[in-house]
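Each ligand, and each atom within it, is numbered from 1 in the order the structure gives. All values derive from a computational prediction rather than experimental measurement. Values below: every heavy atom of this structure, side chains too, minus hydrogens, waters and symmetry copies. For the single chain, residues carry numbers from 1 onward in sequence order.
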Amino acid sequence: MGSSTIQFLLLLFVSFSISDAQLLPPSTIPKRAGIIFDLERDPSTLQYMIKIKQGTPQSEVKLVVDLGGNLPWLSCHKGHNSSSYHPVSCSSPQCVLANKPTSTLELCNGTANNACSVYIINPVTLSHRKGELISDLVTVASNPDSQDTPVSSPRRCAFGCATTGSILNGLAKTSKGVAGLGRSSALSLVPQLAVAFRFSRIFALDLHDINTDVKSGETGGKIYFGGGPYIHYLFGFDDLKDRDLTYTPLLINPKSKEEYFIDVKSIKVHGITVPINKKLLSINKKTGIGGTKIDTRIPYTSMETSIYKAFTKAYIEWAESFNNANAELNDFLNITRVTPVAPFTTCFNSSTVPLVRMFQNNDPPGVAFIFPKSVWNISLFDMVRVNDGVDCVGFVDGGSKPKTSIVIGARQIGFLEFDISRSRLGFQQPNLREF
Ligand SMILES: *[C@@H]1O[C@H](CO)[C@@H](O)[C@H](O)[C@H]1NC(C)=O
Ligand SMILES: *[C@@H]1O[C@H](CO)[C@@H](O)[C@H](O)[C@H]1NC(C)=O
Ligand SMILES: *[C@@H]1O[C@H](CO)[C@@H](O)[C@H](O)[C@H]1NC(C)=O
Ligand SMILES: *[C@@H]1O[C@H](CO)[C@@H](O)[C@H](O)[C@H]1NC(C)=O
Ligand SMILES: *[C@@H]1O[C@H](CO)[C@@H](O)[C@H](O)[C@H]1NC(C)=O
């Protein structure tokens, strides 16, 4: 284990153990225990997949996590081999929800077997196919750390069923479909599980990737539905506190209602505000362009070109001012830039990057997203070790005309709670002042 890994573990440990842990407000604690699924990361596409046990006999399917998806769906081109599966009828309320605003009369017009047809969308290729809505049993595990009544399982969930295999193009090879976790659709997996297991519309992603190394192949993570407690079982340390969360409101983009937008007002790099054209940070209500959203499907946060340039420049300036401030120590504290490794453009010699920077008093953490009423420091996730000896600023150029100006990707997420019921995003950050 390299010294940087040890420092990283230590930082995590510090941030989780020395926090003035406050319990979540009572109303966020469900009377029913929440549930947990394991996540797996596909090493080639870097997509996260949720592992769901469904059908009879029970089988595990992997569905690519799509935060903006309106519906969970499976490819059924080889048949859906389950004795507990039911087609959803075209006259059912679920079918109406899936096809709003089309009426039942139209939905059932000309259908041979009363099947409910739905559009199935591949979030990567954006291709769409007609499929059918089905329902089947889902078997779940209650959150083992919850004191509340365990959920009773299995329960039924509706899935889109796509009958052509090509709909899977662009998705992780081992996946069988997509887990749509959109915030507005009643058929997104979030409200469906909330109704089936009787908890509120809330889910949390734990993508803590212990390794900072891209190639280490560290996969995994967890997704919680129905709330916490969100306990860490880290590296054998027996400090098992619930997480301390800070919140910011979730915004709705009227042109993209399923997605999770947040109100980033500015960005700081090591305490210095990055100059950004403010217009890029707000959502144009007519076109849906601009603003900031979260998307686990992209591995590294992407930024519109002018933001990206200003952002990486701030890193370079930070390194220079760090070097100047430590001139007398420059023999061993001299942050050195090296040839960048794509897709990144700003890289440093790892052995010269002060990983202990957070231990220094008053040296603010790497990156902070500034919201109207809170600040999200993502200092543990700003750099990426791309190969032996090279650390890069783990953000990428999103082009000059992206739909969304900043898309916060998996690498920078760490832990996030998406609370649809209260329309807020909860995040966790290192609490450094107590160290
Ligand atoms: C469907 O499930 C049955 C029972 O487990 C099994 O015998 C059969 O081979 C399966 N068929 C396919 C196509 O997977
Ligand atoms: C049902 O379908 C037929 C033929 O496609 C169409 O002419 C008719 O208007 C439809 N009826 C309704 C209620 O949508
Ligand atoms: C987060 O970062 C900001 C600005 O960099 C800093 O002022 C603040 O103290 C940090 N908060 C925590 C909890 O570390
Ligand atoms: C710091 O590193 C840079 C680039 O390698 C070098 O040019 C400079 O002389 C170094 N500064 C000191 C004081 O060693
Ligand atoms: C990084 O710095 C160390 C120590 O100065 C040096 O030995 C090594 O070759 C450098 N690595 C790269 C990739 O520049």
Legend entry - Parallel, tilted or perpendicular: rings of Trp318 and Tyr315 (30°, 60°):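 If you compare the ring of Tyr315 with that of Trp318, the planes turn out perpendicular.
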Inset, instruction - Indicate the ring-plane relationship of His128 and Tyr119, choosing parallel, tilted or perpendicular according to the 30° and 60° boundaries. - result: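 Correct class here is perpendicular.
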Inset, instruction - Check each protein residue for a heavy atom under 4.0 Å from ligand 5 and list those that pass, ordered by chain and number. - result: Val338, Asn349, Ser351
Donor-acceptor pairs under 3.5 Å, side chain of residues 337-344 to any protein atom, not counting sequence neighbours: which ones?
none

Inset, instruction - Under the ring pair (Phe, Tyr, Trp, His ring centres under 6.0 Å) rule, collect the residues that match up with Phe371, sequence neighbours excluded. - result: Phe427
Legend entry - N-O pairing of Asp66 and Arg297 below 4.0 Å: yes
I'd like a table of donor-acceptor pairs (distance under 3.5 Å, sequence neighbours excluded) in which one partner is a side-chain atom from residues 393-401, with atom names and distances.
from: Asp397; atom 1: OD1; to: Thr305; atom 2: OG1; distance (Å): 2.8
from: Asp397; atom 1: OD1; to: Gly399; atom 2: N; distance (Å): 2.8

